[in-house]
Amino acid sequence: MPGQPALLAQPSLCVINIETPALEVVNLWKKYGSNQALSGTSFAVAPGERLALLGPNGAGKTTLIRSMCGRVRPDEGQVHLFGRSIRDPDVLLQLGVVPQDLAIYLDLTAKENLECFGQLHGLRSRRLRERVSWALKWIGLEDRANELTSRFSGGMKRRVNIACGVLHRPSILLLDEPTVGVDPQSRQRIFDMLDELNQQGTSIVLTTHHLDEAETRSDRIVIIDYGKVVADGSIEKLIATTIGARREVAIETSGILVAAPRGLEWNSARNRFVCFVDNVVEELPGILERIQQVGGTITDLEVHQPNLHHVFLHLTGKELRE
Ligand code: ATP
């Protein structure tokens, strides 16, 4: 099967203790040759939680997701699902995985793909038919069920890909960039699908390069850099422990400036000067005066509430995709 986890065993009864974390990653280390991908990564996911995993390019997110589903063997550390090692095949059946690269057969229809992956997850006869029919409805492709997936748009293929990972009703779903290369409307739809699963109790762990998705569609955010957790908490907690009460001020100017205004940075992407201030009311008049002193005329001014973008820059010194 392309890119899907090996879940060949028949589903069997697995006793879940809801007191223990749904997923626990303990001190994971992984090196590929001279590339240190994970350097002691640890965090836990509560049952029913939606967790977004963020990090700059090469931070170790994919290695982490692959270690969590047993597709990469870490050099050190453990992964537990509901308190039991992922090496236990019974407990692995509680896990659903949606890999970053599309892992569906383009020469099969949507329904055939779902049937095929359902069988791989141990579903048979009536149960298989029920789950395939549920999945087609869930992804909104009932009317396209018998069409080859090669004719589908990128967003539709992604939806089929996601459905293939949840046919066996996992308690935890891991998704590596489920909305990569997908238009905003399809992204919205995918998140609505995931919210529906989450409301039924499934814990969701996903990596994303869209900070807005992480901010609005998760309960908790874990930021990793150089294979280590550098922040872990709700968006409110992350802001409080990094940016605090500071505000970003962005100022557009016209006119030729004889020098750079003191304490302001030029942001060429936004075509504005930017700075952070602790007290807008007290500090703003001085900032505006410094711009005028070097010959600038202020044409626009924005004061931004801190958001995940500011937290990410503060912690990693990098944009999410550089
Ligand atoms: P991206 O956001 O770019 O997808 P990532 O956060 O998912 O990156 P990983 O793909 O886990 O990061 O890579 C972490 C580090 O390990 C990087 O330095 C990468 O080059 C390296 N790496 C990953 N897979 C391999 C491999 N198979 N062989 C050698 N190095 C690897």
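All values below were derived from every heavy atom in this structure, side-chain atoms included, with hydrogens, water molecules and symmetry-related copies excluded. Ligands are counted one by one from 1 in listed order, and the atoms in each one are counted from 1 as well.
- When all heavy atoms of Val274 and Ala250 are compared, the closest pair comes out as CG1-CB, 3.9 Å.
- Remark: the His304 side chain and the Glu302 side chain contain an N/O donor-acceptor pair separated by less than 3.5 Å.
- Where the criterion is an N or O separation shorter than 3.5 Å, residue side chain and backbone included, Glu177 fails it with respect to ligand 1.
- Ligand 1 has a nitrogen or oxygen under 3.5 angstrom from a nitrogen or oxygen of Asn57.
- Every N/O-N/O distance between Gly55 and ligand 1 stays at or above 3.5 Å.
- Numbered from 1 in the order shown, with element, the atoms of ligand 1 that lie under 4.0 Å from a heavy atom of His209 read 2 (O).
- For the pair Arg246 and Phe276, the cation-pi test (distance below 6.0 Å, angle within 45°) is passed.
- At least one heavy atom of Gly60 sits less than 4.0 Å from an atom of ligand 1.
- Between the side chains of Thr207 and Asp176, at least one donor N or O lies within less than 3.5 Å of an accepting N or O.
- Across Asn307 and Ile235, no two heavy atoms sit closer than the pair C-CD1, 4.5 Å.
- With a 4.0 Å heavy-atom cut-off, ligand 1 is reached by the side chain of Asn35 but not by its N, CA, C or O.
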